[in-house]
Each structure stands twice: as C-alpha cells, then as structure tokens.
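Only one structure is covered here, and it is reproduced in the block below.
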Amino acid sequence: VQLQASGGGLVQPGDSLRLSCVASGRIFSSHVVAWFRQAPGKEREFVIAADWSGGSRYYADSVKGRFTVSRDNAKNTVYLQMNSLKPEDTAVYSCASRRRPISSVFATIFNDQSEYNYWGRGTLVTVSS
C-alpha cells in the first residue's frame with residue numbers, strides 16, 4: 001500500500017483547507033486511515049482516524065468540531081476537511097493506514113502511530129496572517 005498526501009498550503013486564520021490522501025489501491029473497505037501532524041519542534045500527534053467498515057471516527061480534542069474525514073472510493077482517496085483553521089494547526093500533515101482490526105481493538109489503538117504500517121509523505125499546512 002502506498003499513500004500520497006497533498007493539498008497543503010498557506011492559509012489565514014479562519015480559513016478552510018482540504019487535504020487529500022490517495023491510496024495505491026482500493027483499500028478503505030479493509031483498512032483504517034488516520035491523519036497525524038507534526039508541528040515545528042514538536043512530536044508528531046494524532047489528528048483524526050476513521051474506520052468506515054466499523055462506522056467509527058476518532059478526533060483529537062484540538063480539532064473536534066472543526067476537522068472531518070471523508071472518502072471517495074472511486075478515487076481511492078481520503079480527505080481531511082479542515083475548517084476554522086488556527087495558527088496552532090500549522091504542521092506537516094501525514095496520512096497513515098493499516099489493515100482494519102476488530103472495532104474494539106481499534107478503539108484502543110487509533111491514536112498510536114506505531115500501529116500504522118503505511119505512511120504517506122506529509123504535506124505542509126501553514127496558518128498565518
């Protein structure tokens with residue numbers, strides 16, 4: 001599985017931006033997907049995760065109500081929609097994936113980056129006025 005993230009750029013506070021993560025094949029029915037981000041000088045942190053087969057979504061507290069995740073199966077693409085962006089959202093955003101575990105297991109590991117086998121190269125999002 002290969003992933004490619006794109007869509008980053010420079011935006012102003014309050015703006016919206018949509019990132020894309022294209023997979024090398026039709027994986028989203030059998031895999032879970034997550035987004036992580038790494039701000040300058042900080043550790044990489046969890047942002048959002050989705051298990052479409054299990055019907056679950058998980059969000060970091062810092063992005064709840066502002067970020068959403070969706071997919072387009074026909075395009076093998078997952079989207080991260082980011083609204084009401086803040087300067088503290090500035091980071092390199094990376095998508096990650098792994099074969100879907102059972103729902104109860106994923107509920108305990110969704111934010112653990114070591115659990116993801118496949119990673120896309122990150123895309124930089126800068127939020128600044």
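Computed from a predicted structure; not experimentally measured.
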Considering all heavy atoms of both residues, which atom of S53 and which atom of S29 are nearest to each other, and what is their separation?
OG-O, 2.8 Å

Would a hydrophobic clustering, with Ile, Leu, Val, Met, Phe, Trp and Tyr connected at side-chain separations under 4.5 Å, put [X] with [Y]?
X	Y	value
Y58	V105	yes
V32	F28	no
W35	V92	no
W52	Y116	no

Atom CZ of R57 with >12 non-hydrogen neighbours under 6.0 angstrom:
yes

Around atom CD of Q2, are there more than 12 heavy atoms of other residues, nucleotides or ligands at under 6.0 Å?
no

Relative to the ring of W119, is the ring of F36 parallel (under 30°), tilted (30 to 60°) or perpendicular (over 60°)?
tilted

Would you give the length of the straight line joining atom OH of Y59 to atom CG of N111, rounded to the nearest 0.5 angstrom?
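Here the interatomic distance stands at 15.0 Å.
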
For the NE2 atom of H31 and the CG atom of N117, what is their distance to the nearest 0.5 Å?
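One finds 7.5 Å between NE2 of H31 and CG of N117.
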
Under-4.0 Å salt bridge between D89 and K86
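K86 and D89: not salt-bridged.
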
Give me the one residue out of N73, N76, V78, L3 that meets side-chain contact (heavy atoms from CB on, under 4.5 Å) with I27.
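Among N73, N76, V78, L3, the one that satisfies the side-chain contact (heavy atoms from CB on, under 4.5 Å) with I27 is L3.
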
Please confirm whether the ring centroid of F110 lies under 6.0 Å from the ring centroid of F46.
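They qualify: ring centres under 6.0 Å apart.
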
Just by distance, no angles: are the side chains of R37 and Y93 close enough, under 3.5 Å, to form a donor-acceptor pair?
yes

